[in-house]
Chemist: 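Here it is: the structure, laid out below.
Any value given below was found using the heavy atoms of this structure, including those in side chains, with hydrogens, waters and symmetry copies removed. So that the names make sense, note that chain A is the first sequence line, chain B the second, and so on, each numbered from 1.
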Number of protein chains: 2
Amino acid sequence: MEPATLKDIARELNISVSTVSRALRDSYEINPETKRLVMECAARLHYRPNPIALSLKGSSSKAIGVIVPQIANYYFSQAINGIEEVANQRGYDVLIFQTHEAYDREVANLRQAVARRVDGLLISLSSETNNVSHLQELQQQGTPIVQFDRVSAALDTPRVVADNFAGAFAATEHLLLSGRRRIAHLTIQPWLSITQERLAGYRAALEKHGVPYDESLVRFGTFGPDEVGPLVDELLALEPRPDAFFTASDRLAVGCLAALRQLRIAIPGQVSLIGFTNLTVADMLAPSLSTVEQPATEIGRVAVGRLLDLIEKKHRAAPPSTVTIPTTLVVRESSGGVG
Amino acid sequence: MEPATLKDIARELNISVSTVSRALRDSYEINPETKRLVMECAARLHYRPNPIALSLKGSSSKAIGVIVPQIANYYFSQAINGIEEVANQRGYDVLIFQTHEAYDREVANLRQAVARRVDGLLISLSSETNNVSHLQELQQQGTPIVQFDRVSAALDTPRVVADNFAGAFAATEHLLLSGRRRIAHLTIQPWLSITQERLAGYRAALEKHGVPYDESLVRFGTFGPDEVGPLVDELLALEPRPDAFFTASDRLAVGCLAALRQLRIAIPGQVSLIGFTNLTVADMLAPSLSTVEQPATEIGRVAVGRLLDLIEKKHRAAPPSTVTIPTTLVVRESSGGVG
DNA sequence: TTGTAAGCGTTATCAT
DNA sequence: ATGATAACGCTTACAA
């Protein structure tokens with residue numbers, strides 16, 4: 001049951017390959033009867049155009065590339081889930097590449113994607129990337145690109161991101177409204193777009209409520225599993241001591257919660273904790289952790305939708321715009337236990 | 001910076017394309033000087049063979065297909081991580097497909113993979129799949145296949161799996177040795193290989209310690225987020241009541257833990273809990289959850305290694321064998337808190 | 001309305 | 001030792 005080719009159909013019907021080819025797409029200037037015959041035969045033989053031949057020919061590969069820092073990460077695996085769903089629905093295959101947060105791998109991945117003749121590229125930048133010339137070059141060659149999550153202003157493409165500002169604002173304001181005043185913010189690399197937006201939301205909420213910004217409460221970094229504990233200890237040693245933590249990732253939330261547990265500090269009795277985390281993760285940590293839920297799957301769906309529109313030239317004139325997907329603040333304080 | 005082709009090199013050096021082609025692979029019967037020139041030029045132009053042309057030609061696509069039930073799942077995303085790592089290292093690209101646990105999608109994914117002319121296939125069966133004729137057919141066409149995690153005995157391929165029996169045995173024995181006697185086992189679909197192996201390990205441990213097998217303590221199913229709670233309640237209503245839970249997945253462990261928390265049942269004070277879970281997940285749930293850690297990344301690495309060996313005919317004569325990767329029992333009872 | 005032929009990048013088979 | 005040519009499956013001028 002080898003896949004049937006145009007040639008097979010042609011042989012079967014005693015007509016030429018090109019006639020078959022045209023019968024399958026053009027409709028004008030081809031005998032309706034021939035067309036019917038071809039269609040019928042194609043169906044009977046389960047004909048599917050060979051995407052590889054198509055790619056070689058140069059028209060379209062019906063494949064898109066997706067470059068993410070890590071697959072084994074709730075956020076990205078959910079995003080890929082959304083991407084895959086929509087892409088397959090629209091007849092595209094998905095090639096996935098991981099940068100492992102390394103610029104060199106990002107460049108190598110890009111080469112792979114180009115070699116595979118992807119019709120378009122979806123990318124969330126590695127944390128090491130501060131130069132996007134490799135992407136600009138690809139773009140100038142005419143490959144549509146859409147950025148999501150970790151985006152660069154230096155690269156002029158559509159962007160699909162979570163509403164990090166609003167999410168951080170809501171989280172911070174919630175903490176302020178429940179009486180917290182010393183809100184520590186544990187976050188990731190300061191040059192990332194998402195970091196900056198979250199920090200801005202945090203500061204805006206503080207400002208609105210007349211609480212001065214204290215930079216000693218804000219810590220940036222790539223913290224390993226064993227580094228969060230000491231960091232939390234350090235922050236708790238400050239005078240006056242923080243009465244809440246607002247963390248920027250799953251890992252930071254988990255580390256922070258573990259450290260607080262170890263110190264037997266009750267949440268939310270003595271200290272509050274809100275993280276930018278996935279709801280699944282938050283569920284696991286419930287009831288101690290409130291969360292700013294990031295709609296990763298939806299971001300994936302929207303991003304790939306825009307990319308495919310671009311590929312199919314549906315919005316040729318539309319300028320690169322940024323789509324912001326709302327985040328949701330999910331508050332859980334059902335228990336006073338340490339968790 | 002369009003990718004250079006053989007033709008570009010040929011033009012540059014004023015020689016024929018076929019000479020260039022041979023210079024790049026054969027070594028015999030070609031002028032060393034020409035060869036040097038070609039090599040040098042290829043390097044200078046950053047020549048990379050076009051995998052698409054290669055695929056069309058029919059030799060090899062340098063791509064493998066990976067079919068898994070879900071990407072957004074700690075276990076599979078880790079496995080993919082390992083797969084990607086090794087595959088890329090050995091010069092292969094990875095095409096990922098999700099079945100969403102549906103047989104029809106599995107068949108469709110297979111077609112996609114075939115259309116893309118993958119050199120080989122790595123698959124973890126969907127829970128709906130009980131007929132593997134689609135895979136047998138592909139295999140008979142000469143495509144190497146390796147199964148991992150959820151495998152079928154009806155499909156004669158190498159298999160790479162976690163040592164589910166030993167893991168379940170160790171977990172159950174640990175519970176028995178700490179005095180538990182009524183160990184409930186919450187698990188997934190009964191026809192899956194992994195389910196059966198775990199159940200066998202559970203039963204073997206009971207038998208070794210002279211505890212009769214009570215089938216009312218074992219529950220199979222695809223439990224939704226809201227179904228685990230009632231199930232735990234139901235089990236706890238049994239007489240005599242279970243004094244431990246042994247669960248077969250992340251989700252079951254989380255659901256079970258949540259239910260126990262809600263009932264304010266201390267772990268491990270009154271009830272013990274061990275799950276077949278990912279260590280990352282277990283960390284989040286610490287200190288309440290002990291875990292049988294599944295080496296997902298390693299399984300991925302080993303599985304893809306075997307597949308690539310098969311593709312590259314390294315072990316043509318070696319019979320399809322099953323590789324079992326050890327699991328690790330990680331016991332955590334650091335606290336008596338409900339968690 | 002349909003057929004012929006070239007071309008996408010590569011390799012294998014024949015020449016030379 | 002090297003070059004021309006066909007072939008992989010498909011599209012698309014260009015002929016007929």
Chemist: Rounding to a whole Å, what distance do you find between A:Lys62:NZ and D:dC10:P?
Modeler: 15 Å

Chemist: Using a strict heavy-atom distance below 4.0 Å, which residues from residues 30-39 of chain A are in contact with DNA chain C?
Modeler: A:Ile30, A:Asn31, A:Thr34

Chemist: Identify whether any heavy atom of A:Thr5 sits under 4.0 Å from a base atom; if not, whether one sits that close to sugar-phosphate; answer base, sugar-phosphate or nothing.
Modeler: sugar-phosphate

Chemist: Can A:Ser21 and A:Ser18 be counted as having a side-chain donor-acceptor contact under 3.5 angstrom?
Modeler: no

Chemist: Got a salt bridge between B:Lys62 and B:Asp93, using NZ or NE/NH1/NH2 to carboxylate O under 4.0 Å?
Modeler: no

Chemist: What are the residues of residues 47-58 of chain B, sorted by number, that bring a heavy atom to within less than 4.0 Å of DNA chain C?
Modeler: B:Tyr47, B:Arg48, B:Pro49, B:Asn50, B:Ala53, B:Leu54, B:Lys57

Chemist: Spell out yes or no: do the side chain of B:Arg22 and the base of D:dG3 have one donor N/O and one acceptor N/O closer than 3.5 Å?
Modeler: yes

Chemist: Checking side-chain polar atoms at under 3.5 Å, does A:Thr19 have a donor or acceptor matched by the opposite partner on A:Ser16?
Modeler: yes

Chemist: Between A:Tyr75 and A:Asp149, do the side chains contain a donor N or O and an acceptor N or O under 3.5 Å apart?
Modeler: yes

Chemist: Compute the bend angle of the helix from C:dT1-D:dA16 to C:dT16-D:dA1 from the end axes (five pairs per end), rounded to 10°.
Modeler: 60°

Chemist: Return yes if a side-chain donor-acceptor contact under 3.5 Å exists between A:Asn81 and B:Gln98, otherwise no.
Modeler: yes

Chemist: So does A:Arg11 pair up with A:Asp8, basic N to acidic O under 4.0 Å?
Modeler: yes

Chemist: Check whether A:Glu101 reaches the backbone of A:Ser127 with its side chain - one donor and one acceptor, N or O, closer than 3.5 Å.
Modeler: yes

Chemist: Could you check whether B:Ser321 and B:Arg159, counting side-chain N and O atoms only, form a donor-acceptor pair closer than 3.5 Å?
Modeler: no

Chemist: Partners of B:Asp119 by salt bridge (Lys or Arg N to Asp or Glu O under 4.0 Å), sequence neighbours excluded?
Modeler: none

Chemist: Is there a donor-acceptor pair under 3.5 Å between the side chain of B:Thr129 and the backbone N or O of B:Asn131?
Modeler: no

Chemist: Are any non-hydrogen side-chain atoms of B:Pro69 and B:Asn73 less than 4.5 angstrom apart?
Modeler: no

Chemist: Taking the nucleotide of DNA chain D with the closest heavy atom to each, which residue, B:Thr19 or B:Arg117, is nearer the 5' end?
Modeler: B:Thr19

Chemist: With a 3.5 Å distance limit and no angle check, can you tell me whether B:Asn109 reaches the backbone of B:Arg105 through a side-chain donor-acceptor pair?
Modeler: yes

Chemist: Sequence neighbours left out, what passes salt bridge (Lys or Arg N to Asp or Glu O under 4.0 Å) with B:Arg48? Give chain and number order.
Modeler: none

Chemist: Just to be sure I understand the geometry, which residues of residues 6-16 of chain A put a non-hydrogen atom under 4.0 Å away from DNA chain C?
Modeler: A:Ile15, A:Ser16

Chemist: Hey, does B:Ser18 reach any base, or is it just sugar-phosphate, or nothing, if we go heavy atoms under 4.0 Å?
Modeler: base

Chemist: Mind checking if B:Arg25 touches a base, just sugar-phosphate, or nothing, with heavy atoms under 4.0 Å?
Modeler: sugar-phosphate

